[in-house]
Amino acid sequence: MTLSRLLLTIAVMLFTCASYAKGNSSDETSQRLKEFYGAYKKLIMSDDPVDYTDRSYTLIRKNCTPEFANTIIQEQREGAGFDFVTCDYVDTMIMSTLSISKADGHYEMVFDASWPKADGKSSDTKHVRLAIDLKEGLINGVKEIRK
């Protein structure tokens, strides 16, 4: 085998490995975010005040940047309770419809949200798309993607 052929083979192998590793990293991040959102919803919707406060704050601090975590916790303690992590959909999100994937410059979370209509006999459902901004692997912001 000639030297140029050997170098070309090595370059192709390195490119393939780098692409594979990048794909796995994205899959791992998506899975980690799904696990976070599942645990977050469970704690926020819990009737146990320790879950809602101490345990949810610990989860938020572990998975969000310090700046974003402080904003969330301060709002939960002192504000109207707006849920920055799910753009206020936490109580209506249907977890079985949740998917998270890498998008252009962020992760995109998609799920259905459902809440009862005023008549109490039926419900409205909305397809929700959120952009999750990460900084050094931690959630740094979430915003709704509107068409």
Side-chain angles (χ1 to χ4, degrees), residues 8-147:
L8 179 63
T9 302
I10 291 171
V12 168
M13 288 173 56
L14 288 174
F15 178 76
T16 303
C17 289
S19 297
Y20 179 75
K22 189 174 181 182
N24 277 351
S25 174
S26 175
D27 291 345
E28 289 172 10
T29 300
S30 295
Q31 185 58 39
R32 184 176 53 81
L33 288 169
K34 278 177 134 176
E35 290 169 5
F36 164 74
Y37 275 97
Y40 177 77
K41 177 171 178 151
K42 182 179 178 183
L43 291 173
I44 293 298
M45 299 307 296
S46 173
D47 291 331
D48 182 346
V50 175
D51 282 347
Y52 183 80
T53 56
D54 299 346
R55 291 184 186 119
S56 70
Y57 296 168
T58 299
L59 182 70
I60 290 165
R61 284 190 183 103
K62 179 181 175 188
N63 291 279
C64 300
T65 61
E67 301 83 11
F68 191 51
N70 289 338
T71 299
I72 296 164
I73 293 168
Q74 182 178 0
E75 175 65 17
Q76 288 181 356
R77 286 183 179 159
E78 302 167 10
F82 184 81
D83 173 32
F84 292 103
V85 180
T86 66
C87 294
D88 233 12
Y89 287 103
V90 71
D91 58 333
T92 60
M93 59 190 301
I94 302 170
M95 293 303 292
S96 62
T97 64
L98 176 71
S99 68
I100 300 176
S101 59
K102 181 92 171 106
D104 189 27
H106 63 273
Y107 278 80
E108 186 171 319
M109 178 167 65
V110 178
F111 58 89
D112 290 336
S114 180
W115 55 92
K117 287 185 178 180
D119 65 12
K121 297 178 184 176
S122 58
S123 61
D124 281 327
T125 302
K126 177 180 179 180
H127 191 68
V128 179
R129 293 175 55 217
L130 303 179
I132 304 169
D133 175 44
L134 297 182
K135 180 179 178 182
E136 297 176 7
L138 299 173
I139 301 170
N140 192 47
V142 180
K143 64 182 177 185
E144 188 166 1
I145 302 170
R146 299 182 190 265
K147 288 187 177 184

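With sequence neighbours excluded, no residue satisfies salt bridge (Lys or Arg N to Asp or Glu O under 4.0 Å) with Lys121. Applying the ring pair (Phe, Tyr, Trp, His ring centres under 6.0 Å) criterion to Phe82, with sequence neighbours excluded, gives Phe84. The salt bridge (Lys or Arg N to Asp or Glu O under 4.0 Å) test applied to Asp54 returns no partner, not counting sequence neighbours. When the side chain to side chain donor-acceptor pair (under 3.5 Å) test is applied to Arg77, no partner is found at least two apart in sequence or on another chain. Residues forming a side chain to side chain donor-acceptor pair (under 3.5 Å) with Asn63 (at least two apart in sequence, or on another chain): none. Under the rule for a salt bridge (Lys or Arg N to Asp or Glu O under 4.0 Å), the partners of Asp48 that lie at least two apart in sequence or sit in another chain are Arg55.
Evaluation of the salt bridge (charged side-chain N to carboxylate O under 4.0 Å, His left out) test over residues 132-145, restricted to residues two or more places apart or in two chains, returns Lys126-Glu144, Glu144-Arg146. For the salt bridge (charged side-chain N to carboxylate O under 4.0 Å, His left out) condition, the pairs that include at least one residue of residues 101-111, sequence neighbours left out, are Glu108-Arg129. Residue pairs meeting the ring-ring contact (aromatic ring centres under 6.0 Å, His included) criterion with at least one member in residues 123-146, sequence neighbours excluded, do not occur.
A donor-acceptor pair under 3.5 Å links the side-chain atoms of Tyr37 to the main chain of Val85, judged by distance alone. Checking side-chain atoms of Thr53 against main-chain N and O of Pro49 turns up a donor-acceptor pair under 3.5 Å.
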Name every donor-acceptor pair, under 3.5 Å, that has one atom in a side chain of residues 90-99 and the other anywhere in the protein, sequence neighbours excluded.
| unit_1 | atom_1 | unit_2 | atom_2 | d |
| --- | --- | --- | --- | --- |
| Thr92 | OG1 | Tyr89 | O | 3.1 |
| Thr97 | OG1 | Ile94 | O | 2.7 |
| Thr97 | OG1 | Asp112 | N | 2.8 |

